[in-house]
Protein chains: 2
Amino acid sequence: MLRLSKLTDYGVLLMTHMAASDSGTYSAVALAEATRVPLPTVSKVLKLLSRQRLVESIRGPRGGYRLARSPARITVGEIVRCLEGGIALTECSRDDAECEQAPFCVSGNGWKRINAAVRDALGTISLADMAEPDFMPFFRLQRTIQVTEELS
Amino acid sequence: MLRLSKLTDYGVLLMTHMAASDSGTYSAVALAEATRVPLPTVSKVLKLLSRQRLVESIRGPRGGYRLARSPARITVGEIVRCLEGGIALTECSRDDAECEQAPFCVSGNGWKRINAAVRDALGTISLADMAEPDFMPFFRLQRTIQVTEELS
DNA sequence: CTTATATAGTACTAAATTAGTCCCATAAGG
DNA sequence: CCTTATGGGACTAATTTAGTACTATATAAG
């Protein structure tokens with residue numbers, strides 16, 4: 001289903017929550033309660049996010065996590081990239097790809113293009129957008145080829 | 001890694017192969033040999049594709065499969081949709097979604113938008129594009145919000 | 001009308017991935 | 001120095017996906 005992992009979903013949820021209310025830091029416990037995501041899982045996700053400096057962590061009493069940058073300067077794509085380890089729809093469109101079927105494959109270039117489009121889409125939406133409950137059209141695809149069949 | 005399943009990858013590969021050379025019909029055996037994908041798997045994928053009328057099947061001797069429409073009129077998005085059962089990055093962005101956490105979730109709208117963008121990207125590339133080995137920029141994102149951080 | 005070829009459907013097994021949990025180490029404030 | 005909170009890593013269970021096999025059905029050719 002072209003799915004993101006639940007971890008990624010949680011990551012976006014947690015960070016959106018932090019973006020929405022602007023109190024400084026949140027402990028893992030507080031976020032778990034607010035979002036209803038199980039505590040150990042919240043903890044795991046925040047650790048991963050902090051390694052790549054998407055959130056800052058403060059240890060010790062009164063510690064916790066906070067966004068490393070302003071919500072407008074953090075994109076959903078960065079979170080996906082952090083928690084999924086990259087954005088690549090197929091093996092062969094990864095940067096370090098070595099597909100054994102490459103010699104027989106004619107569509108490598110197409111996949112690269114599709115991936116670029118997806119990356120672009122994800123890089124376009126910021127946490128600030130996500131936190132805005134009913135933000136409207138933020139971008140539009142301008143097609144330069146004719147599409148004759150629409151997905152229903 | 002925001003992956004498509006291998007089945008979907010195979011599906012696009014097989015159909016691209018059919019789009020590239022314009023002989024009429026291909027048996028599952030012939031496609032398996034040409035693409036180096038194991039026969040039973042080729043068979044499985046083609047069955048799925050034929051149920052949704054993306055390929056036509058002809059039974060009996062000298063039978064096989066052929067594209068149901070011209071390559072320019074079949075999009076990668078349709079193939080993904082057929083083999084993944086929909087295009088939805090998160091549970092809550094499916095059309096029939098019933099997410100138990102919805103009351104606590106503030107980002108539903110954002111996900112819907114992201115999904116729309118991805119669907120749009122996939123719906124923009126046709127099989128004819130994929131079969132063209134080095135087709136170049138086929139569309140361009142025009143942003144209406146400012147992106148301040150780029151994905152590296 | 002019989003036989004060979006090829007798809008249709010479905011069920012099952014095995015492998016890989018992902019989710020979730022737990023434990024111990026480290027840091028810092030009071 | 002004790003309590004609170006994150007950091008790292010390892011482990012288990014659950015889910016998903018891939019791949020295979022088997023039986024049924026259709027059709028062309030001789």
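In what follows, every chain begins at residue 1, and chains take the letters A, B, ... in the order their sequences are listed.
Taking CG of B:Leu14 as the reference point, atom OG1 of B:Thr41 lies at 10.0 Å (rounded to 0.5 Å). Here the CZ-CG distance, from A:Arg113 to B:Asp129, works out to 11.0 Å after rounding to the nearest 0.5 Å. B:Lys6 contributes atom NZ, which lies 15.0 Å from atom CG of B:Leu83 (distance to the nearest 0.5 angstrom).
Between B:Tyr10 and D:dA18 there is no side-chain polar atom (N or O) within less than 4.0 angstrom of OP1 or OP2. The side chain of A:Ser43 contributes no N or O atom lying less than 4.0 Å from OP1 or OP2 of D:dT6.
For the pair A:Lys6 NZ and D:dA13 C1', the computed distance is 13 Å after rounding to whole Å. Spacing between atom OH of A:Tyr26 and atom C1' of D:dT6 amounts to 18 Å, rounded to whole angstrom units. Taking atom CG on B:Leu4 and atom P on D:dT16, their separation rounds to 17 Å, with Å as the unit. What separates CZ of A:Arg66 from P of D:dT6 is a distance of 13 Å, to the nearest Å. When the C1' atom of D:dA5 is taken as reference, atom CG of A:Leu31 falls 13 Å away, rounded to whole Å. Atom C1' of nucleotide C:dT5 and atom OH of B:Tyr65 are separated by 13 Å, given to the nearest angstrom. Taking atom NZ of B:Lys44 as the reference point, atom P of C:dT10 lies 13 Å away to the nearest angstrom. Protein atom CZ of A:Arg62 is 17 Å distant from nucleotide atom C1' of C:dA27, rounded to whole Å.
Heavy-atom distances to DNA chain D give each of A:Gly60 and B:Thr8 a nearest nucleotide, and the one nearer the 5′ end belongs to A:Gly60.
Of the candidate nucleotides C:dT7, C:dG20, C:dA4, C:dT7 has the atom lying nearest to any side-chain atom of B:Ser27. The side chain of B:Ala28 approaches C:dT7 more closely than any other nucleotide in the set D:dT4, C:dT21, C:dT7. Comparing C:dT17, D:dT6, D:dG19 against the side chain of B:Arg3 picks out C:dT17 as the nearest.
Using a 4.0 Å cutoff on non-hydrogen atoms, the parts of residues 46-59 of chain A near DNA chain C are A:Arg59, ordered by number.
A pairwise comparison of heavy atoms in B:Cys82 and B:Leu48 identifies SG-O, 3.5 Å as the closest pair.
The other members of the hydrophobic cluster of A:Val29, by chain and number, are A:Leu39 (side-chain heavy atoms under 4.5 Å, ILVMFWY only).
Of the residues listed (A:Leu4, A:Asp9, A:Val118), the one engaging A:Val80 in a side chain to side chain contact (heavy atoms under 4.5 Å, CB included) is A:Leu4, and it is the only one. Under the side chain to side chain donor-acceptor pair (under 3.5 Å) test applied with A:Glu78, the options A:Arg73, A:Arg69, A:Arg53 reduce to a single match, A:Arg69.
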